[in-house]
There are 2 protein chains.
Amino acid sequence: MSAQQRARAADVLGEAGVRPTSRRVQVLGELIAERDDLTAQELHERLRARGERLGLATVYRTLALLAEEGLVDAISHRPGELCYRRCGEGHHHHLVCSDCHRVVELSECELEPWLERVSAVHGFVATGHRLEVAGVCGDCRAA
Amino acid sequence: MSAQQRARAADVLGEAGVRPTSRRVQVLGELIAERDDLTAQELHERLRARGERLGLATVYRTLALLAEEGLVDAISHRPGELCYRRCGEGHHHHLVCSDCHRVVELSECELEPWLERVSAVHGFVATGHRLEVAGVCGDCRAA
DNA sequence: TTTAGTGCAAAAGTTTTGCATGGTC
DNA sequence: GACCATGCAAAACTTTTGCACTAAA
């Protein structure tokens, strides 16, 4: 993680009104540097491997905070395991490669009108939805 | 769970080529009788409350088997917790009430063409998708 | 009799919590 | 000094596994 990423992470935290402690900067910075997603355990291992003596509980607490502030997305590919990713703003879904776990954001979500209509048929008012798309990316198909 | 439900559960198991043991009949019968969904723990508690001395591990093993055979659906509302439900055949999604957990099947899924198109833009080949819709049902809105 | 299923207990794995310590305003 | 964040260890919780025992084909 470069100094630039650390500075950007600190900025993001500051703008969100979250105190930019060194641990939070490290965790968010790591997610900013990562193209795909990471579990709390993976994040912890990476930072430990760099000589950081941070606790696993801190990683969990930090990720929960970042997710609550909307600074990162929590994605669940498999039950019993939450992954975190620094994503763009706004409503979107994820396209994930089953092989290499590469994540792509899909921002062109056209589901709302359909969902509202279908929900109303069953007497429901739709309040939200979660879509996860699995696929195989170009690199993995070539290999 | 009535004798009729038990008979139906045994039929369903037999048709799927799964040996209809008494435990499997009980677990599937319970899911057939339930309108919404149940966790393994809830299922275990219900059957224990009836005086059945079945193990929690058996419930997990049975549910995994039923899900693999396509006899029940595994739904994940919250990460870290799998729910099971006896659903209709074919591809569908779930509309779940955030208040009472009532589940409705949505069978009119029109996502495939859109997903294939959007995936291709990113070099992916879409292989599957999971959509969970949250909402509030009529009963809960009235209350 | 041979195989598959089950109960119980222990283990595994992830996530949360309690509490003392340390850092920050 | 007051408050928030952190490390560490223990606990909580869901799910899986090992193994002896039982039931079924």
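We name chains A, B, ... by the order of the sequence lines, and we start the count at 1 in each one. Just so we're clear, the structure is a prediction, and the values are computed from it rather than from any experiment.
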Visitor: Roughly how many Å is it from CG in A:L63 to P in C:dT16, rounded to a whole number?
Guide: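 Roughly 10 Å, once rounded to whole Å.
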Visitor: Give the rounded distance in Å between these two atoms: OH of B:Y60 and C1' of C:dA12.
Guide: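 After rounding, the reported distance stands at 13 Å.
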Visitor: When the ring centroid of B:H93 is compared with that of A:H129, is the distance short of 6.0 Å?
Guide: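 When the ring centroids of B:H93 and A:H129 are compared, they turn out to be at least 6.0 Å apart.
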Visitor: I need the CG-C1' distance between B:L13 and C:dG5, as an integer number of Å.
Guide: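 From B:L13 CG to C:dG5 C1': 13 Å.
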Visitor: Calculate the interatomic distance between B:Q41 atom CD and D:dT15 atom P; express it in whole Å.
Guide: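 Rounding to the nearest Å, CD of B:Q41 and P of D:dT15 are 6 Å apart.
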Visitor: List the residues meeting side chain to side chain donor-acceptor pair (under 3.5 Å) with B:H122, not counting sequence neighbours, and say none if there are none.
Guide: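 Here no residue qualifies.
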Visitor: Can you name the residues that form a side chain to side chain donor-acceptor pair (under 3.5 Å) with A:E81, not counting sequence neighbours?
Guide: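 If we apply the side chain to side chain donor-acceptor pair (under 3.5 Å) test to A:E81, skipping adjacent residues, the hits are A:R78.
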Visitor: If I take atom CD in residue B:E45 and atom C1' in nucleotide D:dT14, what distance separates them, rounded to the nearest angstrom?
Guide: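 Checked: the CD to C1' distance equals 13 Å.
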Visitor: Please name all residues satisfying side-chain contact (heavy atoms from CB on, under 4.5 Å) with B:A67, sequence neighbours left out, ordered by chain then number.
Guide: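 For B:A67, the residues satisfying side-chain contact (heavy atoms from CB on, under 4.5 Å) (neighbours in sequence not counted) are B:V72, B:Y84.
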Visitor: side-chain contact (heavy atoms from CB on, under 4.5 Å) with A:R23: which residues, sequence neighbours excluded?
Guide: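 Once residues adjacent in sequence are excluded, the partners of A:R23 under the side-chain contact (heavy atoms from CB on, under 4.5 Å) criterion are A:T21, A:Q26, A:E52, A:L54, A:T58.
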Visitor: When the distance from CG of A:L38 to P of C:dT14 is rounded to whole Å, what number comes out?
Guide: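 That distance rounds to 14 Å.
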Visitor: For nucleotides 4-9 of chain D, tabulate all protein N/O to nucleotide N/O atom pairs closer than 3.5 Å, reporting atom names and distance.
Guide:
residue: D:dA5; atom: OP1; partner: A:R24; partner atom: NH1; Å: 2.9
residue: D:dA5; atom: OP1; partner: A:R24; partner atom: NH2; Å: 2.8
residue: D:dA5; atom: O5'; partner: A:R24; partner atom: NH2; Å: 3.4
residue: D:dT6; atom: OP1; partner: A:T21; partner atom: OG1; Å: 2.7
residue: D:dG7; atom: OP1; partner: A:R23; partner atom: NE; Å: 2.6
residue: D:dG7; atom: OP1; partner: A:R23; partner atom: NH2; Å: 2.5
residue: D:dG7; atom: OP1; partner: A:R53; partner atom: O; Å: 3.2
residue: D:dG7; atom: OP2; partner: A:G55; partner atom: N; Å: 2.9
residue: D:dG7; atom: OP2; partner: A:T58; partner atom: OG1; Å: 2.6
residue: D:dG7; atom: N7; partner: A:R61; partner atom: NH2; Å: 3.2
residue: D:dG7; atom: O6; partner: A:R61; partner atom: NH2; Å: 3.2

Visitor: Quickly work out the A:Q26 CD to C:dG23 P distance and round it to whole Å.
Guide: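 A:Q26 atom CD is separated from C:dG23 atom P by 14 Å.
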Visitor: Taking for each residue the nucleotide of DNA chain D bearing the nearest heavy atom, is the 5' side occupied by B:E81 or by B:P20?
Guide: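 Looking at DNA chain D, the more 5' nearest nucleotide goes with B:E81.
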Visitor: The criterion is side-chain contact (heavy atoms from CB on, under 4.5 Å); which residues satisfy it with A:A126, sequence neighbours excluded?
Guide: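 Scan of A:A126 (side-chain contact (heavy atoms from CB on, under 4.5 Å), adjacent residues dropped) gives A:S119, B:V133.
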Visitor: Can you tell me which stems involve DNA chain D, if a stem is defined as three or more consecutive Watson-Crick or G-U wobble pairs, both distances under 3.5 Å?
Guide: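 Correct response: C:1-25 with D:1-25.
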Visitor: Using ring-ring contact (aromatic ring centres under 6.0 Å, His included) as the criterion, list what pairs up with A:H94, not counting sequence neighbours.
Guide: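 Only A:H92 meet the ring-ring contact (aromatic ring centres under 6.0 Å, His included) criterion with A:H94.
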Visitor: Quickly work out the B:L28 CG to C:dG5 P distance and round it to whole Å.
Guide: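 Those two atoms, CG and P, are 15 Å apart.
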Visitor: Using a 3.5 Å distance criterion without hydrogens, assess whether the side chain of A:R141 forms a donor-acceptor pair with backbone atoms of B:G123.
Guide: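 Yes; judged by distance alone, with no hydrogens or angles, the pair exists.
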Visitor: Quick one: salt bridge (charged side-chain N to carboxylate O under 4.0 Å, His left out) partners of A:E105, sequence neighbours excluded?
Guide: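 Applying salt bridge (charged side-chain N to carboxylate O under 4.0 Å, His left out) to A:E105 gives A:R85.
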